[in-house]
Structures are given as structure tokens and as C-alpha cells.
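See structure below.
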Amino acid sequence: METESPVNGRAEPAPETHQFQRRIGLLDASMLVIGSMIGSGIFIVSADIARTVGSPGYLMVVWLITGIMTVICALSYGELAGMMPKAGGQYVYLREAYNPLVGFLYGWTLFLVIQAGTIAAVAVAFAKFTAIVFPALGEDRLLVDFAGVRFTAARLVAIGSIVVLTAVNTRGIQVGKIIQDIFTSAKTLALVGLILLGIIVGRNAMAMDLNFNDFWGATWTHVVDGRVTSVEPLAGIGLWAAIAVAMVGSLFASDAWNNVTFTAGEVVKPSRTIPMSLLIGTGAVTVLYLLANFAYLLVLPLDGSAAASNVLARGIQFATNDRVGTAAAWVIFGEPAAVIMGVLIMVSTFGCNNGLILAGARVTYAMARDKLFFERTGYLNEHGVPSHALWVQALWASLLCLSGTYSDLLDYVVFAVLLFYVLTIIGIFILRVKRPEAERPYRAWGYPVLPGMYVLAALGICVALLIYKPAYTYPGLVIVLLGVPVYVWWRRVSAKRAGKGGVQSR
């Protein structure tokens, strides 16, 4: 129900019948950060990075810069999390630092593309690797073709995984966090095992000789429709531009750490726990990603040929379907590698999606409480979770799975994601001026130097993307800006409903 506020005459959300349950401790929060970050990206995106920078040294530099930026950004977010330990996280920070419109544009983009698109992409990755283990569940297994929409076995597996995880998370945060802890532990240990085997067992003399004798020779291999069109030597500004463009993949693989801020309403001592979990989680994943790429370089040559028929000749650059992790596992294990990596990535993506599904619904819940999303999504069920928000998120992510557009949408919004990170970090500076008296249990480490450095670096990457990847950047801006008329319309509808006065039923 809604009631009219006696203070300002504005219709306010009705008091909650149920409340969030603070069950997420430091270990759980850290597992949520790690589990949301590690999906399938670390096993795939190094191929595109290798084509873009063409050098073992700069491959590592791309991952190192990404890791440093991620940790700095996460440490800066800790101040905002300590100030505003509320469900919705980054949406709340942007709303309070700027205005409700900016917060809505973030929430709109998050729901429409960032969160739902990522959930769809991770679910499809889960289905693809499930098909390696169980071939009958592959994309080529057409079940129904209805009105141009192909219902394949793989797509139904992807949607099924979303439905199952959504249903699990409607049973309460205790169940969701247990699933997260189990799968994050399993995939982290498996990734550590793969790294150790690569470093100790899988070292290849030919790959090491090729990689470490020409560690810094940078080139940009341009590929169109699977064919190499040119190889461009890199130096100076061109090299830095290539590094910036290459970071799209590593930043995407390192994203979603901020999901823990969405769950602040369920975190024990959030002002302390969230900043600590951000440091532990992003720091651990950064180290794992650097070690994984070092292992790749010990096992596979970076340079390769798209026309080659064997794993070593294709190298990291042209690993089949960009599956660098599978190629490295083949060198270590031989023929069973595909199944081994299939199981590992199944575990990794399933656990990753649990964290994304759990956290994402808290943002739409917060938006609904501000009367900027469907009203039903702003209420908790008897288990203290926003079940309506979870199912709306699941429906949209499932539709994206069927449409097949999630990949393009995610490419479009990487630029927008960076912009929202920049706006949020700038928000720290704004709130220091607007609310100097606010309680800050944790202050951004290295303020103002490190947050300022992050803003400059991220804006530099944005400029490079505008120049070199315009097909992906401008559509992302359009998606964000489409939220402006939606915001205006939603506010008008809410105002009309509030203007009716009295009490309205939900």
C-alpha cells in the first residue's frame, strides 16, 4: 500500500511487511565479490587482448593496469558503502551525489543491459560448456522454431539455469549465500589448480622461448570475419591506444565486484564489512588473473595463425573460439582437456550467475521504493528478499537469451559502465563538499590522489574507445540516454497516482 506523507504531501512507499535479514558476513561478502567477478572471461578474453597488443609483456600490462584500476575503484567505493549502507548500492550513491535522474539512468541501464545482459551471457556460456560435457544439449539441437525464435537445447539449458537460481534466491539470503560460498570456493580452487599445473607441469619450452625472447614487441592484428586483414606495429600513442582498447575485455572480466554494494541491507556491519570485502575480493581476483595469464604464457605461444590446425600453432591469439583456457588445458591434459575445462567453466559460470542474480534484484527493489520501477518489485517476501524483482530480472534475462542480442548489448555498454564508475568516484569528491558532516567509518584510501588517478585513467580509456570503437560506444550512450524520457514519463505517472490522494492498493 501507499500512504500520503504528512510532511510533504508526496506519496511514500508503504512500510515493509517483511525486512531484510542481515546474514552476509565478511567471508560471504568476499565470496560474493570473487564469485561475481570470476565467470568465463578469464578463460576467453586473453585471445582478443593478445591480438590487440601482440606482446606477452603488454598482455600482462593490460591485466595489471586493469587490476590496479579495479582495486583503486573498489577501495574508493568503500567510503560510499560506509556512508550509505543501503540496498541498491551504486544506484543510491549516484542518486545522493547528483540527483534522482542520474541514479535512475544507472538503474535503467543496469536492469536493461548491464545486469540482465551479463546474466544472459553467463547463462549461455554455462550452456555452451555444458554441451561439451553433454553433447545432446548443444546449440545445434533444435527443439522448436516458433515465429523465428529458435528454441534449442542449449538456450533452454541457459534459461533453465536462470530460473533455478532465481527460484533458489527467492528462498532467502541464507540459501543464496550458501550456494555462492560453495560454488565460489570450488571454482577458485579449480582455477588455482589450473594455474599451478600450468606453471609446474605444463611449461612448454617452445612457447617460453617464443614469448620471453620477444617480450615487448607490440603489434595490433586486425581481424575481420575471422580473417587477418593487417598487422600494425605499435609504438607511442598508438601503443597506449591499443592498450586502452584491449582493456575492454579485461575490464569486463574484472567487473561485477560492485554487486556486493547492492546487498548492503543484508550485510552484517556493512560500514566495515563491505569495504573489507571489496579489498579482499578484488585483490584476490587480480592476483589470480595475473597468475592465470602468466601460466598461459608458459604453456602457449602468444603469436599464432588462424589457419593452423593444432593448439600450439594457433597460439593464444587464435585459440579455437578464443578458448585460451581450454587450449592451455589441452597442452597439460591432452584429449580430456575439453571435458575438464567444460566442467570447470560450468561450475564457474553457475556460481557467477548466482551472485549476479542475487545482487541485481536489490537495485530494482531500491528503484521501486523510490517509485521509479514497477511497484511490486519494491516489496520483500516472507523470506526477506525481493522475489518480484528477482522474477522480473529473470524474465528479461531469459528473453535476452532467446533473442541472442545480449552479446551486442554488452559490447555497447562497456563504455557506459566506465562512465558510471567515473561518475560514482567523482561523487566521492562531491559528497565531501555537500555532506562534510556525514559519518564516514571508512575513507577512500589515497584520497584525493588515487581516486583522481582512476578518473583520469578511465576517461582516457573512454576517449580511446570513442575514437577506435565508435560502433560500440555511441550505441551505449543512446541506451543510457533513452532512460531520460522513460524517467520523465515514470515520474509523471507516479505524480498522477500520488495526486489521487488517500490510500491506494498495490
Side-chain angles (χ1 to χ4, degrees), residues 33 36-37 66 68-115 118 247 251-252 254-264 270-271 274-275 277-279 281-282 359-360 362-364 366-367 370 372 413-435 438 440-462 465 476-477 479-481 483 487:
V33 175
S36 298
M37 292 176 72
T66 298
I68 291 171
M69 287 182 65
T70 300
V71 172
I72 289 174
C73 194
L75 289 174
S76 300
Y77 269 51
E79 176 170 323
L80 299 170
M83 279 182 67
M84 295 169 279
K86 302 175 182 178
Q90 190 170 348
Y91 161 76
V92 176
Y93 311 155
L94 289 166
R95 182 193 69 195
E96 297 302 313
Y98 299 93
N99 53 56
L101 172 60
V102 176
F104 176 83
L105 292 179
Y106 172 72
W108 153 268
T109 310
L110 185 87
F111 171 77
L112 196 68
V113 180
I114 300 171
Q115 201 78 0
T118 304
M247 284 178 64
L251 284 168
F252 181 74
S254 302
D255 198 19
W257 51 266
N258 60 329
N259 276 217
V260 73
T261 69
F262 304 162
T263 66
S271 297
I274 293 179
S277 68
L278 287 169
L279 173 60
T282 57
R362 274 63 179 174
V363 176
T364 48
M367 292 172 66
D370 288 342
L372 291 174
V413 297
V414 168
F415 177 78
V417 169
L418 271 178
L419 283 183
F420 282 122
Y421 278 142
V422 168
L423 286 172
T424 306
I425 298 299
I426 293 174
I428 297 173
F429 293 83
I430 293 172
L431 288 169
R432 288 275 184 113
V433 175
K434 283 176 65 174
R435 299 186 185 177
R440 290 176 171 82
Y442 169 88
R443 289 178 176 264
W445 192 64
Y447 178 90
V449 177
L450 290 182
M453 287 175 60
Y454 176 87
V455 169
L456 292 175
L459 287 176
I461 295 171
C462 288
L465 291 176
L477 284 176
I479 290 171
V480 175
L481 294 176
Y487 172 81

Would you say [X] and [Y] make side-chain contact, with heavy atoms under 4.5 Å?
X    : Y    : answer
R435 : E96  : yes
V417 : F252 : no
T261 : Y93  : yes
D370 : R95  : yes
I461 : M69  : yes
L431 : E79  : no
R440 : R432 : yes
T424 : Y106 : no

Which heavy atom of [X] sits nearest to which heavy atom of [Y], and what is that distance?
X    : Y    : answer
P275 : P270 : CD-O, 3.5 Å
A416 : G476 : CB-O, 4.4 Å
G427 : A97  : CA-CB, 3.8 Å
N259 : S36  : CB-OG, 4.2 Å
G88  : A366 : CA-CB, 3.9 Å
I274 : A264 : CD1-CB, 3.6 Å

Just verifying a value: how many Å separate [X] [atom1] and [Y] [atom2], rounded to the nearest 0.5 Å?
X    : Y    : atom1 : atom2 : result
L251 : T70  : CG    : OG1   : 6.0 Å
N258 : Y91  : CG    : OH    : 15.5 Å
L419 : L105 : CG    : CG    : 11.5 Å
D255 : T66  : CG    : OG1   : 11.0 Å
L75  : L279 : CG    : CG    : 5.5 Å
W108 : I479 : CH2   : CD1   : 9.5 Å

With sequence neighbours excluded, residues passing ring pair (Phe, Tyr, Trp, His ring centres under 6.0 Å) with W257:
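Counting only residues at least two positions away or on another chain, W257 forms a ring pair (Phe, Tyr, Trp, His ring centres under 6.0 Å) with Y77, Y421.
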Checking side-chain contact (heavy atoms from CB on, under 4.5 Å) for the pair F111/V363: CA distance, chi angles, key distance, verdict?
CA-CA 8 Å; F111 171 77; V363 176; over 6 Å; no
If we check side-chain contact (heavy atoms from CB on, under 4.5 Å) with F420, which of these qualifies: L110, V480, I425?
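For F420, the side-chain contact (heavy atoms from CB on, under 4.5 Å) check succeeds only for V480.
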Sole residue of V422, L450, I72 in side-chain contact (heavy atoms from CB on, under 4.5 Å) with V455:
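The residue from V422, L450, I72 that satisfies side-chain contact (heavy atoms from CB on, under 4.5 Å) with V455 turns out to be V422.
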Using 30° and 60° as the class limits, which term best fits the ring planes of F104 and Y487: parallel, tilted or perpendicular?
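Ring orientation of F104 relative to Y487: tilted.
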Would you say the ring centroid of F429 lies under 6.0 angstrom from that of Y447?
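For F429 and Y447, the ring centres are under 6.0 Å apart.
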